[in-house]
Amino acid sequence: MKTYLVTGGAGFIGSNFIHYMFKKHQDIHIINLDKLTYAGNLENLKKVENNPNYTFVKGDICDKKLVEGLFKKYDIDYVVNFAAESHVDRSIREPELFAKTNVVGTVTLLNVAKTAWEAESGFKEGKKYLQVSTDEVYGSLGKEGYFMETTPLDPHSPYSSSKASADFMVKAFYDTYKMPINITRCSNNYGPYQFPEKLIPLMINNCLGKKPLPVYGDGLNIRDWLYVEDHCKAIDMVLESGRLGQVYNVGGHNERNNLYIIKTIISYVHDNVDSTVDESLIKHVEDRKGHDRRYGIDPEKIKNELGWYPETSFEIGIVKTIKWYFDNKDWMKNLTSGAYEEYYKKYYKM
Ligand code: NAD
Ligand code: TYD
């Protein structure tokens, strides 16, 4: 039985990953280490909380003693590090917090795992540390081209810079100690359980509540959208078969601009839920500082080496996602900290 230490498992992608892994594998133990910040929500994990192969630990990845204790108590095979401060807008307001969690937290996990996994020559068999990174570390694209694993890192926001710094630390543990690692860099995820500060759940929630839909700048910035389950599948494959020390980009050529996404959501809601919801809710607001114009992933490496491909097109995934938020209105209402409403009022004044 393999034992996984999943950090940040109460967040959006981490909780989807835990559900995906228990559906896919019978004989695994998952320990979820999560600090439960505003973005961590144990409601995301209700379906697994009584599973005897699931253990929740509330704590901080920067807490070295706590992480050491977990490695002493359990024979951990895989570390999958999702834990992070993940929102660009917040990073512009609170860069220090991003450096702490995303960089210091990553180094703490790496160092404790290294000590626990070291053997007489090299590392114990079958161990791996996987860093969940982002395409944002590559910077911003013009109209042409894609991010490849060989694209030089050129992050702009405090968020992407902290993720790039963490990636360099992971690389250093491979280059220096030959620690078994992989890094995955995925594009923007969407799907169930995403906190409504990110574009898609925010727009769905605001459509539901008939609140204004804040569009930064001209709304023509492009992101490459990845359905979260496809991302979970990629992580599972990289853990099992990724070549040690390698970076894998994860994306499915689903580039869309922000206005297209917002109009798609409005149109679905208009046709299926409330015909009074329309484009008059769109409100152009001040642009994000240093706003990256376009992200686009070249996924050839993970396709060719591991046979990964995305199963969900954007058109199908967005409808599944909108329906999930409609079917789970209580999830939105019960968000643990209530921080969302406060944040929204403070910054958007709408
Ligand atoms: P999220 O904000 O929804 O969840 C982050 C989780 O980490 C929360 O449960 C939070 O409580 C926990 N956490 C925060 N600080 C912690 C700490 N110090 N110790 C322990 N737990 C802590 O984020 P997400 O969208 O699920 O993203 C997960 C990972 O994927 C992040 O590393 C992010 O950089 C990366 N990523 C996300 C996207 C995306 O589109 N969401 C895209 C690319 C990469
Ligand atoms: P976001 O979901 O914050 O992800 P990221 O910045 O990490 O790509 O934003 C996605 C895009 O949507 C980005 O171009 C910023 C834009 N955006 C808005 O126009 N309005 C909003 O309210 C939000 C949250 C984002």
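Indexing begins at 1, ligand by ligand and atom by atom, following the structure's order.
- Close approach of ligand 2 to Val215 (heavy-atom distance below 4.0 Å) involves ligand atoms 19 (O).
- The ligand atoms of ligand 2 that sit less than 4.0 angstrom from a heavy atom of Pro214 are 18 (C), 19 (O), 20 (N), 21 (C), 22 (O).
- Phe17 does not carry Lys233 over the face of its six-membered ring by the limits of under 6.0 Å from the centre and within 45° of the normal.
- Between Phe12 and Tyr193, the ring center distance fails the sub-6.0 Å criterion.
- Looking at residues two or more places apart in sequence or on another chain, you find a side chain to side chain contact (heavy atoms under 4.5 Å, CB included) between Ile266 and Cys207, Leu213, Ile262, Val277, Glu279, Ile282.
- For ligand 2, the atoms closer than 4.0 angstrom to any heavy atom of Glu197 are 24 (C).
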Should Asp135 and Ser187 be marked as a side chain to side chain donor-acceptor pair (under 3.5 Å) after you check the CA-CA gap, both sets of side-chain angles, and the distance that decides it? CA-CA 5 Å; Asp135 61 355; Ser187 50; 4.7 Å; no
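- Remark: side-chain polar atoms of Asp230 are paired, donor with acceptor, to backbone N or O of Glu311 under 3.5 angstrom.
- Between atom 9 (O) of ligand 2 and the options Arg288, Lys198, His291, the minimum heavy-atom separation is to Arg288.
- Taking the six-membered ring for Trp and thresholds of 30 and 60 degrees, His231 and Phe82 have ring planes more than 60 degrees apart, a perpendicular arrangement.
- Near Asn221, meaning under 4.0 Å from any of its heavy atoms, are these atoms of ligand 2: 14 (O).
- Closest heavy-atom approach to atom 21 (C) of ligand 2 among the candidates Tyr159, Tyr190, Tyr216, Trp225: Tyr216.
- The aromatic rings of Tyr216 and His291 sit perpendicular, their planes meeting at an angle over 60°, well past the 30° parallel limit.
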Put together the list of close N/O pairs, under 3.5 Å, between ligand 1 and the protein, could you?
unit_1   : atom_1 : unit_2 : atom_2 : d
ligand 1 : 2 (O)  : Ser86  : OG     : 2.6
ligand 1 : 3 (O)  : Phe12  : N      : 3.0
ligand 1 : 9 (O)  : Gly11  : N      : 2.9
ligand 1 : 9 (O)  : Asp34  : OD1    : 3.3
ligand 1 : 9 (O)  : Asp34  : OD2    : 2.6
ligand 1 : 11 (O) : Asp34  : OD1    : 2.6
ligand 1 : 11 (O) : Leu36  : N      : 3.4
ligand 1 : 11 (O) : Thr37  : N      : 3.0
ligand 1 : 11 (O) : Thr37  : OG1    : 3.1
ligand 1 : 18 (N) : Asp60  : OD1    : 2.8
ligand 1 : 19 (N) : Ile61  : N      : 3.0
ligand 1 : 21 (N) : Lys35  : N      : 3.1
ligand 1 : 23 (O) : Ser86  : OG     : 3.3
ligand 1 : 26 (O) : Phe12  : N      : 3.3
ligand 1 : 26 (O) : Ile13  : N      : 2.8
ligand 1 : 32 (O) : Phe82  : O      : 3.0
ligand 1 : 32 (O) : Lys163 : NZ     : 2.7
ligand 1 : 34 (O) : Tyr159 : OH     : 2.6
ligand 1 : 34 (O) : Lys163 : NZ     : 3.0
ligand 1 : 40 (O) : Asn189 : N      : 2.8

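- With Phe195 as the aromatic partner, Lys198 does not meet the cation-pi criteria of under 6.0 angstrom to the ring centre and within 45 degrees of the ring axis.
- Which parts of ligand 2 touch Val88 is read off a 4.0 Å heavy-atom cut-off, strictly below it: atoms 6 (O), 7 (O).
- By the criterion of a heavy-atom distance under 4.0 Å, the side chain of Asn188, and not its backbone, is placed next to ligand 2.
- In terms of N/O distances under 3.5 Å, ligand 2 is approached by Arg223.
- With Tyr146 as the aromatic partner, Arg294 meets the cation-pi criteria of under 6.0 angstrom to the ring centre and within 45 degrees of the ring axis.
- Judged by the 6.0 Å and 45° rule, Lys178 forms no cation-pi pair with Phe123.
- Among Glu136, Gln194, His284, Arg294, the residue whose heavy atom lies closest to atom 5 (P) of ligand 2 is Glu136.
- Salt-bridge annotation for Lys128 and Asp77: absent, with no side-chain N of the basic residue lying under 4.0 Å from a carboxylate O of the acidic one.
- Remark: Asp60 engages Lys35 in a salt bridge, criterion side-chain N to carboxylate O under 4.0 Å.
- Short contacts between ligand 2 and His87, defined as distances under 4.0 Å to a heavy atom of the residue, involve ligand atoms 3 (O).
- For the pair Met203 and ligand 2, the shortest N or O to N or O distance does not fall below 3.5 Å.
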